[in-house]
Amino acid sequence: MLALFRKRVVPAAAAEPGTERDAGPGSELDTAQCRRAFESMTTQSTRLGKEAAELRGLIEDSTKASALQAHTLSQLATQVAEVNTAQHQIAQVSSGSTAAVQRARQAVEVIGTEVGGIVATLREVSGAAGTITQIALQTRLVAFNASVEAKRAGEAGRGFGVVADAVKDLAAKVESSSKDIMRTVSELDKRIDLLSKEIRLQEPGAAQGAFHQALSDVQGGVASVMAAASQSEAICADLNQQVGVMQRDAGQTSHALDVALKRSETFLSVSEDLIELTAQSGIATPDTPYIEAAQNAAAEIAGLLEAALARGHISTSDLFDEHYQPVSGSNPAQHLTRFVSLTDKLFPAVQERVLKFSDKVVFCIAADRNGYIATHNQSYNHPQRGDLAWDTAHCRNRRIFNDRTGLASARNAKPFLLQTYRRDMGGGHFVVMKEAAAPIVVAGRHWGGLRLAFKF
């Protein structure tokens, strides 16, 4: 239809008698119909491109969200597994603690039995001390009687009386010491007996000592911990299973979105081909002025770069430098090349002028073959401040934009490339726009492309 249309719209000044312009009474009507059909196709292609770009953008957002969810689920699964392992370890430690408490109880019971033996021994000691006291008392009585008899004997019994008095004093001391022993043993007996009752395990139903009660409390606490750990382990196992199901579902969703994204890519490419075909038809379309502006700007920048080469302002190797040196501390990442000072000097005059070509123009920039933007438009050409949101929006120079649109425009070698895409304006706001690109060829080598983005 386009060929027929071009054939029938020969300008009046160039038409010769007998040409297609004289095709008959219906030729003017056919031309009008073809023009209307062409304009309709242009409109529909543009609308199709916009919808395709919107669709691709939405699918791309969903794909990113799905990938983020899958990553989050993967982290959650790892954390649940770690919690499950920790709960299992708690259960093992708690089981060991219960066994340790039981061993402690048994050891204490043995000690209690030994303490009971000590109590019995002390009581034997107390009994022996009592016996000694009785003997000492009797010895004192005997010594007293001996002393009396010695006094009756007079001078002959004086030596015997001295011995009797000494024995009486010694018996008194033995009696006093035995009583002290009996008091001490009695006090020890009470204390050790109390300790024995505290640490010995009583019969079931009887009041337990404080020590065994404390051990029982510890056992009860450990049992509660074990029960809680077992319950938590069961819950974690169930949660892990659910997370596994969610991961599989997320994986399937991610795969489906990848397939949809690839198909939307085809859909968008078809729409862009239609728009490009209408632009290549030779008939002016709403996109034509922007395509021509991009081509003219690309030619102008190519001329400036060739002139710089000719004057020795830069070498060929420096102009085509692709060794991008990272700018330390930059975020988003910025890079430097050996041609940035030249582009900062030459590009703004062309880019800023074309930027004012129409109020629909969003940006006009020159990119090298890898999507590197050395010099952006003035409003996006600021030094970074350290504020990520602000820097992302206002410091777009020295950055590599190798996304689908950016790389395609940078590496396009055709007279022009017309693309439709959705641009992220920040804050969840997106704008669908078109981009006309034209190659920048310097000294016979493809340096990059001129990117001119404009609103619908």
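Values in this document were obtained by computation on a predicted structure and should not be read as measured data.
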Exercise for the section: May I ask you to decide if Glu292's main-chain N or O and Asn296's side chain share a donor-acceptor pair within less than 3.5 Å? Expected result: yes
Exercise for the section: Check whether any side-chain N or O of Gln384 sits under 3.5 Å from a backbone N or O of Pro332 as a donor-acceptor pair, and report yes or no. Expected result: yes
Fill in the blank from the handout: Scanning both residues in full, the closest heavy-atom pair of Ala453 with Tyr421 reads CB-OH, 3.9 Å
Problem - Phe320 vs Val442 side-chain heavy atoms within contact, under 4.5 Å - result: yes
Exercise for the section: Could you tell me whether the side chain of Lys455 reaches within less than 4.5 Å of the side chain of Val362, counting heavy atoms only? Expected result: yes
Practice task
Find out whether Ile314 and Arg338 are in side-chain contact, i.e. whether some heavy atom of one side chain is under 4.5 Å from a heavy atom of the other.
Solution key: no
Problem - Shortest non-hydrogen contact between Ala437 and Asn412, atoms and distance - result: O-ND2, 3.7 Å
Problem - Over all atoms of both residues, closest heavy-atom pair of His382 and Asn397 - result: O-OD1, 3.7 Å
Exercise for the section: For the pair Asn381 (side chain) and His376 (backbone), establish whether a donor and an acceptor sit closer than 3.5 Å, ignoring hydrogens and angles. Expected result: yes
Exercise for the section: Supply the atom-to-atom distance Cys364 SG to Ile301 CD1, rounded to the nearest 0.5 angstrom. Expected result: 6.5 Å
Problem - ring-ring contact (aromatic ring centres under 6.0 Å, His included) between Tyr372 and Tyr324, worked out - result: CA-CA 9 Å; Tyr372 175 66; Tyr324 308 105; 5.1 Å; yes
Problem - Distance-only polar pair, side chains of Asn377 and Arg396, donor-acceptor under 3.5 Å - result: no
Exercise for the section: Taking the side chain as every heavy atom from C-beta outward, state whether Tyr380 and His394 have any pair of such atoms under 4.5 Å apart. Expected result: no
Exercise for the section: Taking all heavy atoms of Gly371 and all of Leu407, pick out the closest pair and write down the distance. Expected result: N-CD1, 4.3 Å
Fill in the blank from the handout: Residues Glu435 and Arg451: closest non-hydrogen pair is OE2-NE, 2.6 Å
Problem - Asp391 and Asn331, any side-chain heavy atoms less than 4.5 Å apart - result: no
Exercise for the section: Answer yes or no: is there a side-chain heavy-atom contact under 4.5 Å between Phe401 and Ile365? Expected result: no
Exercise for the section: State whether Lys434 and Asp287 are salt-bridged, where the test is any N-O pair (Lys NZ or Arg NE/NH1/NH2 against Asp/Glu carboxylate O) under 4.0 Å. Expected result: yes
Practice task
State, with a plain yes or no, whether a side-chain heavy atom of Asn370 is found less than 4.5 Å away from one of Asn402.
Solution key: no
Practice task
Flag the pair Glu300 and Arg353 as a salt bridge only when some basic side-chain nitrogen lies within less than 4.0 angstrom of an acidic carboxylate oxygen.
Solution key: yes
Problem - Qualifying residues under salt bridge (charged side-chain N to carboxylate O under 4.0 Å, His left out), relative to Asp344, sequence neighbours excluded - result: Arg398
Handout entry: ring-ring contact (aromatic ring centres under 6.0 Å, His included): pairs with one or both residues in residues 289-318, sequence neighbours excluded
Key = Tyr290-Phe357, Tyr290-Phe454
Exercise for the section: Would you mind reporting whether Gln419 and Ser409 have side-chain heavy atoms less than 4.5 Å apart? Expected result: yes
Problem - Smallest separation among heavy atoms of Ala374 and Thr343, with atom names - result: CB-OG1, 3.4 Å
